[in-house]
Amino acid sequence: MPKELAKQYEPAEAEERLYQWWSDSGFFRPSGDATKPPYTVMMPPPNITGQLHMGHAFPYTMQDILIRWRRMQGYDTLWLPGTDHAAIATEAKIVEAMALEGITKDDLGRERFLERAWQWNEKYGGRITEQLRKLGFSCDWERQRFTMDAGCNKAVNEVFCRLFEKGLIYRGERIINWCPHCLTSISDAEVDYEEKDGHFWHLRYPLADGSGSLLLATTRPETLLGDTAVAVHPEDERYKAFIGKEVVLPVVGRRIPVVADTYVEMDFGTGVVKITPAHDPNDFEVGLRHGLPVLNVMTDDGRMNENAGQYAGLDRYECRKQLVAELDKLGFLAKTEPMKHNVGSCYRCGTVVEPRVSLQWFVRMQPLAEPAIAAVRSGETRMVPERFTKTYFHWMENIKDWCISRQLWWGHRIPVWYCADCGEMTVARETPAGCAHCGGQNLAQDPDSLDTWFSSALWPFSTLGWPDATADLARYYPTSTLVTAYDILFFWVARMLFSGLEHTGQTPFSTVLFSGIVRDAQGRKMSKSLGNGIDPLEVIAQYGADALRFSLITGNSPGNDVRLSDEKVAASRNFANKLWNASRFIRMNLGEDEPAPHLPAQPEREDGWILSRLNRLTGEVTENLEKFELGIALQKIYDFLWDDFCDWYIELSKTRLQRGGQPSETARAVLVYTLERTLRLLHPFMPFVTEEIWQALPHTGVSLMLAPWPVFDPALEYPDEEKETEILLAAIRAVRSRRAEMNVPPGRKAKLHVESATPELFTAGEEFFRRLAGASAVEPVAGGFELDGAVTVVTADCRITIPLGELVDLEAEQARLRKELEGAEKQIASVQAKLGNASFLAKAPESVVAAQRETLRRAEEKAALLRISLAQ
RNA sequence: GGACGUUUAGCUCAGCUGGUAGAGCAUUCGCUUGACGUGCGAAGGGUCAGCGGUUCGAGUCCGUUAACGUCCACCA
């Protein structure tokens, strides 16, 4: 036990050392104690492409707080970390790197590309987990997983096969979102919509019989090349006569039918819609209803294909330009008007997506969504804050089938093989020896891989060994709390819920706790393109991990965004420093062989005051944590530590520690006890500085991490001591305030003449008044006391007269007292009105009425004392 | 078009099941008080967005309006 703490706390050095020690000592591992309940949290796996950013720091800090707290409470805690292979993002990065070398995927081939990808994972996959350690996260690194490791792959194949066998996975030609840059399909959830300025081109489609033309409007004229019909509303009087006729597609010359479909809105545009089944989801549906051909006119990379005739080979936007010019030239363009419309783009690369008919694999969602909705509705899984359930229900109730196949190489390959002999497919958990139908050997595996989120959806149980019945699965599943930012509710949370229910029969977690988004000092979302991201590692290097953690958590409520600024982190660092110095002071007053913290047999008055408050704090913080009110809990610890403990208790203790050269043993014991208990309460939030201090204090046990969480104890209430100390503190505050207002120099001490119902309380506290209120002495006086050149300070419990001679302006003094009296009388009148109200007395709870009576009593006493002063 | 959120001191935000408003930062004044100037003491500053309702009592519940924000849908 070091005798002294350094003058300043050095986070960088301490954090590195402590984390290493905790980790080496195995403190992050679950205790495995079967007599204790388990508490499990699955860390949302960060992408292997990623660098640590605030989007991780925030929800992960919340997880660490919960895990550390539950661990101290004695739960058998498991916090399981891991990484996500991030199919599109990773593949894109590798392709990008390859481009610099002048190679493409096709140059390399699948095998060699995957070799590169795994090498890439080796090289960069560990970077993010190294960075997580800097924040002090107490996850069990020995159980770390990867969404593409063998175990996860086994789970993925199992899930795919089960769903296929149940008819919940199917392959079909559907309209999907295609990214012409990433060259893969993406799911509906992966499309970001943004309103953009565009045009509304009005086109004339002449009737085949030469009887005129139909006017229609489009925002995407290039899709005209793939039109296979024109639609009008069946009830539309304007166009009824045209139904069944044919129009000639401008420029192309193809004859296409006019069909009637209620999908058309009569009062929008011209009431005539061109139908392009291959490139628009709604048109695709219309096409199905009317048996229209599907004519794809584009290539994978967003250019026009051979079906586009003279435009083949052109980029889609170049084609649009040329086609519009041609339409204009030939007189088919009636008019062009500006129009705002929503354009969807790929959430990874930002390229405008192309709806497109394509052969893909889908998960039939409705049967899976139903139990997932029920689980949240019944409260089996709870969301905090609750409002997110509404968003969740809305999404789940309107869910469409999930396109899970991706034209990527980096990912879980679809476990389906096609037979060249009989044409049938074989769906199997492991590479089949031959075709399941004809036994043929000419099998080729589906070239596509699965959506990254397909494997993430299994995270809560695939990481515990599922589908095998492992001990971990039995012990730690279902998990307890899932913590994530609200922006991946659909991507991840919803999919884990239905996957967990479907495959394990249990909801994967009992509570979902949402964090918000971290914003910059101006309230903007942090983004790469804006370049306004605050790097957690830089913040940690400058202020320490504890300061960053504190900044993210304090005063924030679940699901709310947090604004981070340099000033905020600096303020948090100041708090760590305050705690450090208070501890330093206490350490200075301890001997080498100090016993472990203990409660003194006979606490003195001010000890009772702080112990009562500490006890209450303990109860409240625990309660707040149970309700996931981390921000409130931390705020309370801060207030207690800074205001109650440092500003009052430690200041009061200084006198006691020096009393007659004989330090008060009681004071020392209470100082250490209170500090030690507060360190325990604060540890989950600020693990490093608390452990560092704890190690320098007398203690039992190895690490603060493993110290038992304090519990509220009704025996530790000292109501009388608390009340009496409050009377003293109020008097000290009042005297200080008076002196400050009058600009009394600190060196100018004065005798305090105290009139009170409990004079012995004030004589006993004389030392405190000397040290903290500029008093030279405290002298109790009887009623009617009078003194010239003095000011009077009045609280509800005492009247103190301070002779300050020439500093006193008698008139101003009288005016001030009158004003104070007015205030008191006003309050008396207001409270009396309330207490005179029969329905208030009848309906308000007893405690409220009692509190009002007490307020009235104190106001009246204060007024009485003021009147005495004014009468003199 | 639908849903949700926000609107509280100059700024950033707390405020649980309703009982006459709090913190940090900023501002002003004072301070080598033997842990800390990353500090100490004191002070100023709010008709809790507007309107209406429920209630003995509303920042807190209900309705409505406005501004800002987010998500979902996507009438070509």
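Quick note on labels: first sequence line is chain A, next is B, and so on, each numbered from 1.
- Nucleotides A76(B) and U8(B) are separated by 37 Å at their P atoms, to the nearest Å.
- Counting any heavy atom pair closer than 4.0 Å across all strands shown, Q658(A) reaches a base atom.
- Side chain N342(A) to base C74(B): a donor-acceptor pair is found below 3.5 Å.
- Across M686(A) and T690(A), no two heavy atoms sit closer than the pair O-OG1, 2.6 Å.
- When the C1' atom is used for both G46(B) and G10(B), the distance is 11 Å, rounded to whole Å.
- A donor and an acceptor atom sit less than 3.5 Å apart, one in the side chain of S830(A) and one in the base of U20(B).
- Between L564(A) and R519(A) there is no side-chain heavy-atom pair separated by less than 4.5 Å.
- Between S737(A) and A43(B) there is a side-chain polar atom (N or O) within less than 4.0 angstrom of OP1 or OP2.
- Nucleic acid contact class of A582(A) (heavy atoms, under 4.0 Å, all strands): base.
- Base pairing analysis places G63(B) opposite C51(B); the two distances defining the Watson-Crick or G-U wobble pair are each below 3.5 Å.
- Under the Watson-Crick and G-U wobble criteria, each requiring two contacts below 3.5 Å, nucleotide A73(B) is left unpaired.
- For the pair H199(A) NE2 and A76(B) P, the computed distance is 15 Å after rounding to whole Å.
- Taking the six-membered ring where the residue is Trp, the centroids of F200(A) and H202(A) are separated by under 6.0 Å.
- Taking atom C1' in both G22(B) and G34(B), the straight-line distance is 34 Å, to the nearest Å.
- With both pairing distances under 3.5 Å, G34(B) is matched to nothing as a Watson-Crick or G-U wobble pair.
- A 3.5 Å limit on both hydrogen-bonding distances identifies no Watson-Crick or G-U partner for G46(B).
- Nearest-nucleotide assignment on RNA chain B puts the 5′-proximal partner with K390(A), out of K390(A) and W642(A).
- Separating the CG atom of D643(A) from the P atom of G22(B) is a distance of 13 Å, rounded to the nearest angstrom.
- The distance between atom CG of D639(A) and atom P of G15(B), rounded to the nearest whole Å, is 14 Å.
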**Request:** Please test E620(A) against K636(A) for salt bridge (Lys or Arg N to Asp or Glu O under 4.0 Å), starting from the C-alpha separation and ending with a verdict.
**Result:** CA-CA 8 Å; E620(A) 288 177 10; K636(A) 282 179 181 167; 3.5 Å; yes
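- Rounding to whole angstrom units, CG of residue D561(A) and P of C68(B) are separated by 18 Å.
- Put simply, the side chain of E629(A) and the base of A14(B) share no donor and acceptor less than 3.5 Å apart.
- A donor and an acceptor atom never sit less than 3.5 Å apart when one is taken from the side chain of K400(A) and the other from the base of A73(B).
- Among A35(B), U20(B), C72(B), the nucleotide with an atom closest to any side-chain atom of Q827(A) is U20(B).
- Taking for each of V562(A) and N624(A) the nucleotide of RNA chain B with the nearest heavy atom, the 5'-most of the two is the partner of V562(A).
- Within the nucleic acid shown, K654(A) comes within 4.0 Å of at least one base atom, counting heavy atoms only.
- For F514(A) and Y486(A), the gap between ring centers reaches or exceeds 6.0 Å.
- Counting only heavy atoms from C-beta on, A844(A) has its side chain closest to G19(B) among A76(B), G19(B), C74(B).
- The shortest distance between the side-chain N/O atoms of N581(A) and the OP1/OP2 oxygens of G37(B) is not below 4.0 Å.
- Nearest nucleotide to the side chain of D647(A), out of A35(B), A14(B), G41(B): G41(B).
- Atom OH in Y486(A) sits roughly 8 Å away from atom P in C71(B) (whole-Å rounding).
- On the P atoms, G45(B) is 16 Å away from U28(B), given to the nearest whole Å.
- Closest to the R584(A) side chain, of the nucleotides C72(B), G19(B), C36(B), is C36(B).
- Across the strands present, G5(B) finds its partner in C68(B); the criterion is a Watson-Crick or G-U wobble pair with both atom distances under 3.5 angstrom.
- At the heavy-atom level, P745(A) lies nowhere under 4.0 Å from the strands shown.
- Contact check, N574(A) against G39(B): a side-chain N or O comes under 4.0 Å of OP1 or OP2.
- Here the separation of C13(B) from G18(B), taken at their P atoms, is 26 Å to the nearest Å.
- One can place CD1 of I650(A) at 12 Å from P of C36(B), the figure rounded to the nearest angstrom.
- Here R387(A) lies in heavy-atom contact (under 4.0 Å) with sugar-phosphate atoms only.
- At the heavy-atom level, Q635(A) lies under 4.0 Å from the strands shown only through sugar-phosphate atoms.
- Taking a pair to require two hydrogen-bonding distances under 3.5 Å in either a Watson-Crick or a G-U wobble arrangement, G41(B) pairs with C29(B).
- Pairing of C16(B), defined by two Watson-Crick or G-U wobble distances under 3.5 Å, is not identified with any nucleotide.
- The shortest distance between the side-chain N/O atoms of R220(A) and the OP1/OP2 oxygens of A76(B) is not below 4.0 Å.
- Across U27(B) and U64(B), the matching C1' atoms stand 39 Å from one another, rounded to whole Å.
- With hydrogens and angles ignored, a donor-acceptor pair under 3.5 angstrom links the side chain of R573(A) to the base of U38(B).
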